[in-house]
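To start, the structure under review is shown below, and the notes come after it.
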Amino acid sequence: MTPEEIKIKDKDIHAFLEVFDDAKSEGDGPLSGKTIAIKDNIMFAEHKVSAGSKILENFIAPYDATVIRKLKEAGALIVGRTNCDEFAMGSSTENSAYGVTRNPYDLERIAGGSSGGSAAVVAAGMVDMALGSDTGGSIRQPAALCGVVGLKPTYGRVSRSGLIAMSSSFDQIGPFAKTVSLVETLYNVIKGQDPMDSTTISDGTYPTIKKFSKTIGIPKNFVESEGVSVEVRKNFAEAVERFRLLGYEIKEIDLPNLKYSLPVYYIIMPAEVSSNLARFDGVKYGMHKDGENGIDDYFQTRGAGFGQEVRRRIILGTYVLSTGYYDEYYGKAVEARHLITKELRELFEKVDIMLTPTTPSPAWKVGEKSNDPLGMYLEDIFTVHANISGCPAISLPSGFVGDSSGNTTSLPLGIELTADLGREDNLFVAGKDFLNETH
Amino acid sequence: MDKEKVLELAKLSRISISDEEAESLSHEFESILNYVSEVKEVSNSPRKDLGEFETRNVMREDNAGHESGIYTEKILNEAPARQDNFIKVKKIL
């Protein structure tokens with residue numbers, strides 16, 4: 001599509017914050033001839049990047065993120081930046097300071113989040129592929145709700161140099177596309193150790209121990225948690241049956257600590273958010289709002305520049321890190337994080353993949369959960385374990401369902417495959433099998 | 001958690017919020033903290049079993065990363081107030 005065609009198509013969806021009129025392909029490589037959109041928290045030199053926030057409304061990226069440099073070298077055409085929840089905090093893009101992105105399959109509904117714009121532009125066919133970031137499910141959840149493929153790579157696999165930080169022990173950049181093959185191609189372009197990000201890993205960091213053996217583990221009690229909709233359960237059972245017919249061995253597994261993933265996430269993430277977002281002070285860059293004195297400038301700038309959800313998480317993070325509560329919350333969460341990781345790594349000695357739904361329900365209506373922060377957080381139940389452990393996980397489209405009120409609307413759903421640290425290869429093999437793609 | 005506690009935390013966070021927002025946050029925090037408190041049930045595992053998670057520092061030589069001055073204009077242009085090659089702030093003392 002030309003920039004004009006994209007703008008017309010995007011009018012009702014509002015997935016793009018900006019379509020670049022001057023887009024040009026610079027290199028020649030595996031992405032030549034392909035169009036790509038980038039989430040509005042990845043720096044593309046000389047272009048605006050706002051992280052969906054008023055506080056960075058007119059910020060111009062002074063340099064290219066490492067992933068952008070790699071996209072250029074690979075010949076991709078970067079056509080625009082996509083809407084997201086403010087600083088990637090949310091599950092619906094309703095927290096963007098620039099308006100909500102609507103689901104291409106039903107404009108009354110959310111596209112998911114936080115990388116909702118990136119999922120929607122791929123689903124609507126406006127671009128071939130997109131980049132998002134995933135801190136607790138922000139690639140996989142919108143991919144599922146928009147019916148596309150989305151991958152969160154192993155922690156450290158993709159450089160975060162030039163990604164606006166949210167929660168640094170969880171954040172990871174990853175690809176969206178309509179097929180596993182194209183997701184794999186894009187993943188191969190953006191991955192790799194980077195001197196600009198000391199948390200990146202080398203190919204040798206996680207040596208391959210177990211050969212792929214077509215075995216899948218299903219945490220049955222977890223999948224049947226309270227709050228998982230009937231439609232999701234039925235769709236998931238069909239996906240399991242499909243893997244069985246493809247010759248996969250299905251094992252029921254029990255990970256007793258997996259259920260603590262979400263509480264762990266909603267302690268550690270706000271703690272890191274409160275630290276990372278201290279840099280927005282109205283002095284160095286971004287919005288400035290004048291107060292009575294230097295200190296009051298901070299209060300006024302941050303009070304006016306940050307949206308409601310960002311304020312909520314910074315203040316909550318300040319609480320869980322404060323004297324007297326640190327051990328009770330943050331300390332316990334770090335212990336539990338280790339236990340969950342250990343359980344998952346031991347599981348992957350026995351099976352190649354853990355299979356769950358990606359989301360507990362299909363896309364909800366815009367505004368439906370706006371006044372219920374905890375209800376919104378519970379939407380992340382099936383995705384946060386991958387960020388807590390660092391394991392790679394992919395969401396695959398698994399068909400369409402109606403919603404619980406019996407509407408005839410066809411809403412996409414996704415299933416999620418999680419693999420051991422460093423084993424994206426297993427996700428690609430099983431993903432192509434599931435979607436009937438050639439290897 | 002009460003409104004006063006939230007206002008105190010907002011002060012520590014350097015964020016100006018209204019009394020109404022503090023009141024509503026205090027209720028939301030009650031339900032969120034009640035939910036995340038589930039982690040307290042997790043039995044403590046001795047750290048020695050978890051040696052593989054020990055963090056390590058990543059060091060590098062303290063070299064100049066790029067030619068001096070090439071980003072100066074771009075970065076200073078983003079500052080809300082500037083004077084020559086300095087970021088301008090209010091008088092502190």
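Just so it is clear, the structure is predicted and the values come from calculations on it, not from any experiment. Below, chain A is the first sequence line, B the second, and so on; all start at residue 1. Below, each value reflects all heavy atoms present in this structure, side chains not excepted, and no hydrogens, waters or symmetry copies.
- Proximity to chain A is limited to the side chain of B:Tyr71, based on heavy atoms less than 4.5 angstrom apart.
- Side-chain atoms of A:Asp281 and A:Thr301 form no donor-acceptor pair, as typed in the model, at a separation below 3.5 Å.
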For B:Arg82 and B:Glu73: C-alpha separation, side-chain torsions, deciding distance, then whether salt bridge (Lys or Arg N to Asp or Glu O under 4.0 Å) applies. CA-CA 11 Å; B:Arg82 172 183 180 178; B:Glu73 274 306 306; 2.8 Å; yes
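- No other option in A:Gln308, A:His288, A:Glu328 has as many heavy-atom pairs under 4.5 Å with chain B as A:Glu328.
- For chain A, no part of B:Glu8 is nearby; none of its heavy atoms comes within less than 4.5 Å.
- Put simply, of B:Val58, B:Leu9, B:Leu25, B:Ile75, the one with the most heavy-atom pairs under 4.5 Å next to chain A is B:Leu9.
- Taking chain A as the reference chain and counting heavy-atom pairs below 4.5 Å, the highest number among B:Lys91, B:Glu28, B:Lys5 is found for B:Glu28.
- Between A:Met89 and A:Met269, every side-chain heavy-atom pair lies at or beyond the 4.5 Å cut-off.
- A donor-acceptor pair is defined here as one N or O able to donate and one able to accept, closer than 3.5 Å; such a pair exists between the side chain of A:Asn276 and the backbone of A:Met166.
- Using a 3.5 Å distance cut-off with no hydrogens or angles, the side chains of A:Asp194 and A:Thr66 do pair a donor with an acceptor.
- Interface summary for chain B: among A:Pro256, A:Ala61, A:Ala278, A:Gly303, the most heavy-atom pairs under 4.5 angstrom belong to A:Gly303.
- When heavy atoms are compared at a cutoff of 4.5 Å, B:Ile92 does not approach chain A at all.
- The contact between B:Lys11 and chain A is made by backbone and side chain atoms together, counting heavy-atom distances below 4.5 Å.
- Heavy atoms closer than 4.5 Å to chain B are found in both the backbone and the side chain of A:Ser198.
- Residue with the most contacts toward chain A among B:Pro80, B:Ala81, B:Ser24: B:Pro80 (heavy-atom pairs, distance under 4.5 Å).
- If you measure heavy-atom distances from A:Leu277 to chain B, you find no contacts under 4.5 Å at all.
- For the pair A:Met43 and A:Asp64, the minimum side-chain heavy-atom distance is 4.5 Å or more.
- Ranking A:Val264, A:Asn58, A:Leu262, A:Ile295 against chain B, the residue ahead of the rest is A:Leu262, based on heavy-atom pairs under 4.5 Å.
- The candidate with the highest count of non-hydrogen atom pairs below 4.5 Å against chain A, out of B:Leu76, B:Leu33, B:Ile32, B:Val89, is B:Leu33.
- Side-chain atoms of A:Tyr155 and A:Asp171 include no donor-acceptor pair closer than 3.5 Å.
- Under 3.5 Å, the side chains of A:Ser50 and A:Asp40 contain a donor-acceptor pair of N or O atoms.
- Contact annotation for A:Pro62: both backbone and side-chain heavy atoms come within less than 4.5 Å of a heavy atom of chain B.
- Contacts between B:Arg60 and chain A at a heavy-atom distance below 4.5 Å are absent for every atom of the residue.
- A salt bridge links B:Lys3 with B:Asp19: the closest approach of a Lys/Arg side-chain nitrogen to an acidic carboxylate oxygen falls below 4.0 angstrom.
- With a 4.5 Å cut-off on non-hydrogen atoms, A:Tyr265 does not touch chain B at all.
- Among A:Thr135, A:Ile55, A:Ile314, the one residue that satisfies the side chain to side chain contact (heavy atoms under 4.5 Å, CB included) test with A:Phe87 is A:Ile55.
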